[in-house]
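Notes for the one structure printed next.
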Amino acid sequence: MQLKINPSEVKDIVEFIKNYDKRKIKIMEVCGTHTMSIAKSGIKTILPENIKLISGPGCPVCVTAINRIDEILTLSQNPKVLIATFGDMLKVPGSRQGFNLATLKSMGAKVEVVYSAMDAISIAENNPDFEVVFLGIGFETTAPGTAVAIKEAKERNIKNFSVFSMHKFVEPALRALLDSKEIEIDAFICPGHVSTILGIKGFRFLADDYKKPSVISGFEPEDILTAIYKIIMQFEKNIAIIENEYMRIVTLEGNEFAQRIMEDVFEPVDDIWRGIGIIPKSGMGIKDTYCDFDTVKRFDIKLDFKDKLTICKCGDIIKGKIEPKECSLFAKLCSPENPIGPCMVSSEGACAAYYKYLRF
Amino acid sequence: MQLKINPSEVKDIVEFIKNYDKRKIKIMEVCGTHTMSIAKSGIKTILPENIKLISGPGCPVCVTAINRIDEILTLSQNPKVLIATFGDMLKVPGSRQGFNLATLKSMGAKVEVVYSAMDAISIAENNPDFEVVFLGIGFETTAPGTAVAIKEAKERNIKNFSVFSMHKFVEPALRALLDSKEIEIDAFICPGHVSTILGIKGFRFLADDYKKPSVISGFEPEDILTAIYKIIMQFEKNIAIIENEYMRIVTLEGNEFAQRIMEDVFEPVDDIWRGIGIIPKSGMGIKDTYCDFDTVKRFDIKLDFKDKLTICKCGDIIKGKIEPKECSLFAKLCSPENPIGPCMVSSEGACAAYYKYLRF
Amino acid sequence: MEEIITLDYGSGGKKTSSLIEEILLPKFDNSKLNELMDGAVLKSKGRIAFSTDSFVVSPYFFPGGDIGKLAVCGTVNDLLMCGAIPRYLSLSFIIEEGFKIEHLKKIVNSISETAKECGIEIVTGDTKVVEKGKGDGIYINTSGIGFMEIEGYAKARINDGDVVIVTGNVGDHGVAVMSARNGFFLDTDLKSDCMPLTNLAKTIFKYGREVKIMRDPTRGGLATTLNEFVEGTEFSIELIEKDVPIAQNVFTACEILGIDPLYSANEGKIVLIASKDIAEDLVKDIKNLPEGKNAAIIGKVTSNHKGLVVLKTPIGGSRILNKLTGAQLPRIC
Amino acid sequence: MEEIITLDYGSGGKKTSSLIEEILLPKFDNSKLNELMDGAVLKSKGRIAFSTDSFVVSPYFFPGGDIGKLAVCGTVNDLLMCGAIPRYLSLSFIIEEGFKIEHLKKIVNSISETAKECGIEIVTGDTKVVEKGKGDGIYINTSGIGFMEIEGYAKARINDGDVVIVTGNVGDHGVAVMSARNGFFLDTDLKSDCMPLTNLAKTIFKYGREVKIMRDPTRGGLATTLNEFVEGTEFSIELIEKDVPIAQNVFTACEILGIDPLYSANEGKIVLIASKDIAEDLVKDIKNLPEGKNAAIIGKVTSNHKGLVVLKTPIGGSRILNKLTGAQLPRIC
Amino acid sequence: MCLAVPLKVIEIDGNDAVAELDGIKMKIRVDFVKDIKIGDYVYVHAGFAINKLDEKLAKENLELFREVANAAKNKSK
Amino acid sequence: MCLAVPLKVIEIDGNDAVAELDGIKMKIRVDFVKDIKIGDYVYVHAGFAINKLDEKLAKENLELFREVANAAKNKSK
Ligand code: SF4
Ligand code: SF4
Ligand SMILES: [Mg+2]
Ligand SMILES: [Mg+2]
Ligand SMILES: [Mg+2]
Ligand SMILES: [Mg+2]
Ligand SMILES: [Mg+2]
Ligand SMILES: [Mg+2]
Ligand SMILES: [Mg+2]
Ligand SMILES: [Mg+2]
Ligand SMILES: [Mg+2]
Ligand SMILES: [Mg+2]
C-alpha cells in the first residue's frame, strides 16, 4: 500500500513554508513522537524565523514525576520484584544522582524490557517466584493495551502480575497549559495516534474552547509539513478549527472499543506531571475491580505528590516556555550520556532531540 | 612441635620390611586416607611379594550406595534445593551414565562445596529462599560434626536446613566382611582418626573376636611403616592384639564428648553399602527428636534398598577380594576422568589410587 | 546424557587436553598449533598489523552466522582495515560450564571454515571454563596479525571535497541479532551480514593512498564510525540520508522497534573516505563484487561544521548525526 | 552513587569512547594505541612468537596480585617460554555490568605497571560489557607478540640423562587464589607468585640449546607440565619428591584442604629440562636472581617408563605422577 | 508518545493475530480492532493494533498531500 | 576416610575457636574437645577439633618410631 508521496511534491510544501513570512506563529507539537520526527527530518532547520515549533507534554517518560521514578527504583530493590518495562523508562533518573533502572539492574535489580504489556504477562507466567510489576506509561494510545493485560491477568488468575499505572490523559494537561496563561501557543499539531483512539472529537476542545487552530497529524515529514501548511492556512483565513490530516487512520469517533476497555479498567485520578505539578483528573488510576493488579495497592506504596525540587527545567520546556538551549545545564551538565532531566533521557524528549540533532 | 622423624631412621624400618620374607601376610588398611597415603608415599612399591596391603571399606564416598546417589541427584533437580557437600561427593556417578553432582551443577543445579557441616548452616542462613541439604557422609570421625550442626540448627531454629545422613559405623562393616568368610584378611591397619573418636577399645573386637593382629595407625609414611612392622612382629610372636601406634592422639576411651553428641543425634539403622549390600545397624539414622532436620523425612524420600546392578567391581575391591587391575573395566572404560565406580572417583578410592600412582 | 562442558575441561589437566586434541586440533590442523606450546613461532615480514576483539554476542547462533564466524571475520576485517593482509589468528574461548559440546563443535567448525575462507592460520589458542552463571554460553577472543600492504590510512589525510563511500546496506547485523535475541518477532528474513571483507578490501587497496581511511562500522554503526573519522579534525561529513543503502526489512524492523539503522552494527561492510577523483571508479569496482553490489557514495567531506557529521534529510532539512549514546533499546515512543 | 560500568559502556558509542579515553589511554600512552584504529601497525623483525590467554580468575583481586597483573604476566611469560622477547600486547576486557569503575582503574593501573616492568607495549585493545549475571566482574584476554631470541625449545630435544630444574617454590598461585576464593581460611600469608619471568628467562636464554624445553607450569601445576614434556616420547621423568621446593605454608594449606601442591598453578615459575653438563651452573645463575633463590634440580630424564613421570618418595618408594584429572577441590577424605 | 507502524494481518485467532511487513512477522493483539480479516492493514503500537488502515482512506491521504503540494506551489509563485 | 591436621589454638570463644599453622588461620569448632586452652594443638577434621595433641605423647610417639627403627635395624642385620 502506498503511503508516502513523491519527494519532489514534498518540496513544494517545504518551499512554501520556508518562504512564509506573513506572521509569527508558535505551534506546539503535543506528541513526543512528533518532536522526534521533526528533529530527525530536520524540519526545524527549514522553518522560517517567524514559525516556531515547541514541544508539548507528550512524551510519557518526560512527564512522569520524579516521585514516581523514585518509588519505582525503591520497588526494584525488593528481591522478589521483577520490573517489566518499555525500553523508554530504563534511563530516567531518580532524584539520587546516577540512579536509574539501568544502573540498578547492573547492580542486580531484575529489570526486563518488553515490547508489549502482554509480554509482561508472559514473564509473570514464566517466573512464578517473582512479583512482576509492569510500568504502565503512556497516554490514550498505550493505556488500552495495559487495560487488556490487566483484564487478561484477572481472567487467567495470574497472581504475580501487577501494573504501576502512570498512564495519563492528554486533554487535562493541554487545558492546564492553556488555562495557566503562562505561555503563548498559537496553534497545535495534535497527536496522531492518541487521536486514533480518541477520534477527532477528542481534540475539538482546542478549537472550540480555546480558539486555537489545530491539526491532527501523522508522523511522516509530509504529514507534519502538511499540518503546518494547514495551520498557516487557518491563520490566513482567520479561522480556528480542528482539522484531520491523518485521515488514513483517524476518524471522527476514534476507536470506541479501545475507549471502552480503557474506561472499564481505569478511572480519572488527580496526578502529578513533571514540571507542571498536580493536574486534577489527569491520571489513570486502576479501578477497584482490578485492585489486585494495582502495584500501588499490592505493595502498599504511599504515593508522594509533593513537588520535588529539581534543577531540571523540563517543566518549563514541556510547557513550551523555554527552549532546551535556554536551560543552563543543557549540553553542559546535562547530556544524553548523563541526563539530568527526563527530557534528555527519552529519545523523544525535547532536550534530547535538540541535543542530538540541532547543536550545529 | 616435632611430629616426624628423620628420614634415615625411616629407612631402617623400610629396609626391614623390604627384606621380610618369612610369611605371607594380607593386611587390610581399613581407612581410605591410609589407602591414599600408602599410594602417595609409594609404600606398595617397597613391600616384598609376601606382604599385601588391601583397601578396606573406609572410603565414605566409595561405600555410598548408588541408590543414595540417584536420590541425591533427583533431589538436586528441585529448584528450591541447594546441595551443600564436601568436595568428595561432587563426581560420584549415579546410575545414569554421565550424571553426577558436578554435571548437574553445570546444567543449573545449585551445589556448593563446603569444608565443614557448619558452613552448610551459614549457607542456609544466607539463602533463606533455598532449602539447604547437607550431604552427611563419613564415619565416626565426621558424624559428630554433622551432629553438632543439626543440634545448632535446632537451637537456632533454622528452618531451611536439613541433613541427608549417609553416615556409617565402621565396626558392623568389618564384622560383616570377616563373618562372610568370602575373603582372607590376616591383619588390620585400623583407622587412626576414627580411633581418635572411638578409642582403642573401638577396634579391640578385631583381636578379641576375630584373632586378627591389628594396629591403629597415623597417616604419615612412618606411622604406616611402623604399623606394618608391628603387625609383622605380632605374627612373629604369634599373638593377635590391638596396638596403638598413633599414641599422640588416640587414647583408650577415645573422645567421649564426641561419642555422646553423636549418640544424641543419630541411632543405628540398617544401611546399604555399595558392593556389600545391607548391613544391619550399620548406618546412622537421624533420631526423631531431630526429624525436622532429616532430609529424607522433609522431602519424603522413599529410600531404595534394592541392590542395583552395576558393572563396577568396587564391592569386591572394598571387600578386599580383588585388586583394581583385576576389574575388567579398570583403565579401559573406567578412569578418573570417566569413573564408572566410586572407587575411581574418590581420590582415596582404591581404584583411583591404583590408577593414578601405580600403573607403571 | 548430552555431552557438556564441565569445570574440569578448564582445569588445565586431562580434560583440557582432550578438548584441545579431540575438538580443536583436528579442525585447525597446522604445524604451529600442533606443537601445543605456550605460543606459536612464526615467520614475520617487515611491518605488521595487530588487532584484538572479544566476542560476546547473544544468541551465539544467529541468522547469517554464529559467534565463531563472527570472531574470525571481526579480527580479519580489523586487520584489513589497517591496510594489512591477515595471516595469523589466536583463538581463546571462555566457556560457561554446561555448554553443549555439540554446540562447541558447530562453532569450531564455523571458525575453521571461515579461517580457511580468509586464508588465515589459527596458530595459538586458549580455553577457559567458568562456572554456571558466570558467562553466557561462550565468549571468544581472537587476536590477529597481518602483513602490511598499504600504510597510512589515517584521519589526518581526510580533506575537504573527499567523498564517503559505503560498500553495501547498513544495519543488518545489529538488527538481525537484536531480533534473534529479544524474541519480539515471530519470524523474519533478517540476516547478519557477517563476512570477511577480504575481497572488498583488496579492491580498495588497489587505489592506494587515494583512499584516506576506512573502517568496518561494527558496534555503534555507520553514524559512530563517521563521527570517529572527523571528530577532532577541521572537517565535517555531510551525509545524504536518501543515498544511504538500507535493506527494506531492516528499515521496517527499525521502525517497529523504534531504533535507528544508522547506529546498528555491521559485520560485513566498509565505510571509507576517498578522494573525489577516483570515487566513481572505486564504487564501480566495488559494485562488481557480489558483496559490493549495493555500494554507494553517501556523502562528502566539507569544512562547514568542524568535527561534526551532518545528515541531509530528503525534505531538505539537516540534522546532526552524533555518536551512539548508550545501547539501542526497543521503544514504544 | 559509586560509578559503575553499565551496558552503555560496551555499546561502541560515546560511553565506550569515554572509557577508553579517560581510563585506558592515559595509562597506556603510546602512539600506536592513541591512533584508536582497528588495530596497531607495528615494526616486526625476523621471526616472532605469538601467544594468547584469557584470564578468568576469581577473585580478581587476590593476595600477591590481581587479574590485571596476571593477564600481563601470563602472556609475557608464555612468549618468554617460546624463546622470545615480548614486545607488544593486546588487551581485551569483558566486563560484567555493575563492575565498579574504581576497580577497573585499579586493574588498569596494575596492567600498566606490569607492562612497564616487562618492557612491553600495549598497542591495541577492546572492551565489551555483558549483562549482569553473565560474567564474573571482569575477564581479560591478552595476546602478545615477541621477537624470537632462541629458537627450537621442543620436547623432541629432550634426552636421557637430562635434568629437570624448577626456578622456585611450586604451588603458590593456585593455593593462594583458592584460599582467597573459598573463604575456608580466616587469614593466611599465602601469596600468588604472579610475576614476569623476564629475568629468569633471559638467564636461561644464555645457555642456548643446552636448555631443551621450558614452560611456566600454570593451570595443572608442575605435575601436568612435566607430563606434557614426556608424553608421547621415549622418555620418562624421575622426580625426587623431597627436592621439589614447596613453601611451608603452601604445604600446610594443601594438607588442610586435601589438595596436592604439585597440581596447583604457578604464575611466576619456570620448569625446564636442560643437559646435565650445564645444570649446576644454570641453577647457580638462577639462584643469583632474587626470584630464583629457591631454584633446584628436582629430577632427571630416564628411559625407564616411556612417557611417564615417576615420583621418587622420601621413603624410597615410587609412584606415577599423572596429569591433573579434573579441577582440584577441597576434600575431607 | 506512541510509535505505530502499519502491518498486514496474516493470521487471526481470536484476539491474537500475526501481522507482517517486509517479511517481518510479529504476534499482535487485536482486542480493539473488530471485524478484522486476513489481508487487512493495521497500525500496531506496543503490540496492539490500534486501528485498521483503510486502503481507500490511504489513497485520500495521498491525494490530500498532492492537493496541499499543488496549492503550496501555486501560492509560492 | 578422614583427613585431619594438627593446628595450634590461638583464640577461643565458647565452642568457636581459631586455629593456626604456618600463618594459616582458620575458624574451627571445639564442641567435643573440652578444657582446651590457647596454645594447645588439636587435630582438625572437617572444621572440628577431634582431639588434643599432647606434646608429651607426641614425644613418646617419636620415641616409638626410633625404637622401632632401632629394632628393625638390628633385625635386618
Ligand atoms: S537540559 Fe537537562 S536539565 Fe535542562 S531541561 Fe533539559 S533535561 Fe532538564
Ligand atoms: S575400575 Fe572402575 S568399575 Fe572397576 S572396580 Fe574400580 S571403580 Fe569400579
Ligand atoms: Mg501519538
Ligand atoms: Mg580415619
Ligand atoms: Mg604457559
Ligand atoms: Mg579490534
Ligand atoms: Mg572489531
Ligand atoms: Mg592458555
Ligand atoms: Mg573495526
Ligand atoms: Mg598462551
Ligand atoms: Mg599461559
Ligand atoms: Mg573492538
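When heavy atoms are compared at a cutoff of 4.5 Å, C:Glu96 does not approach chain D at all. Only the backbone of C:Leu91 comes within contact range of chain D, with at least one heavy atom under 4.5 Å from a heavy atom of that chain. Proximity to chain D is absent for every atom of C:Ile140, based on heavy atoms less than 4.5 angstrom apart. For chain C, the nearby part of D:Glu151 is the side chain; its heavy atoms alone come within less than 4.5 Å. Both the backbone and the side chain of D:Ile48 have a heavy atom closer than 4.5 Å to some heavy atom of chain C. With a 4.5 Å cut-off on non-hydrogen atoms, C:Ser54 touches chain D through its backbone and its side chain both. With a 4.5 Å cut-off on non-hydrogen atoms, C:Val41 touches chain D through its backbone and its side chain both. In this structure, the portions of C:Leu42 lying under 4.5 Å from any heavy atom of chain D include both its backbone and its side chain. Contacts of C:Thr127 with chain D are made by backbone atoms alone, with heavy-atom separations under 4.5 Å and no side-chain atom involved. Of the two parts of C:Tyr88, the backbone and the side chain both hold a non-hydrogen atom closer than 4.5 Å to a non-hydrogen atom of chain D.
The candidate with the highest count of non-hydrogen atom pairs below 4.5 Å against chain D, out of C:Gly135, C:Gly220, C:Gly146, is C:Gly135. Each of C:Thr224, C:Thr6, C:Val56 has some count of heavy-atom pairs under 4.5 Å with chain D, and the biggest count is that of C:Val56. Counting heavy-atom pairs under 4.5 Å between each of D:Asn227, D:Val123, D:Leu80, D:Ile145 and chain C puts D:Ile145 at the top. Ranked by heavy-atom pairs under 4.5 Å with chain D, the list C:Ala84, C:Ala265, C:Gly133, C:Gly144 is led by C:Gly133. With chain C as partner, the option from D:Lys128, D:Arg47, D:Glu131, D:Gln328 having the largest number of non-hydrogen pairs under 4.5 angstrom is D:Lys128. Interface check for chain D: of the options C:Gly13, C:Ser92, C:Ser11, the most heavy-atom pairs under 4.5 Å are formed by C:Ser11. Taking chain C as the reference chain and counting heavy-atom pairs below 4.5 Å, the highest number among D:Ala40, D:Cys82, D:Ala49, D:Gly46 is found for D:Ala40.
Using modelled atom types and a 3.5 Å distance limit, the side chains of C:Asp53 and C:Ser51 yield no donor-acceptor pair. Counting only N and O atoms by type, the side chains of C:Lys323 and D:Ser17 include a donor and acceptor under 3.5 Å apart.
For the atom pair CD1 of C:Ile270 and OG1 of C:Thr225, the computed distance is 12.0 Å after rounding to the nearest 0.5 Å. The line from OG1 of C:Thr16 to CG of D:Leu324 is 7.5 Å long, rounded to the nearest 0.5 Å. Note that CG of C:Leu308 is 5.0 Å distant from CD1 of C:Ile320, once rounded to the nearest 0.5 Å. Atom CG of D:Asp78 is separated from atom OG1 of D:Thr52 by 9.5 Å, given to the nearest 0.5 angstrom. In this structure, the separation between CZ on C:Arg215 and CZ on C:Phe229 is 6.0 Å, given to the nearest 0.5 Å.
Among D:Leu197, D:Ile120, D:Asp216, the one residue that satisfies the side chain to side chain contact (heavy atoms under 4.5 Å, CB included) test with D:Val76 is D:Ile120.
In this pair, D:Tyr139 and C:Tyr139 present their aromatic rings tilted. The plane angle is within the 30 to 60° band.
A heavy-atom distance below 4.5 Å is not found between the side chains of C:Lys15 and D:Thr325.
Proximity of a side-chain donor or acceptor of D:Asn266 to a complementary backbone N or O of D:Pro217 within less than 3.5 Å is detected.
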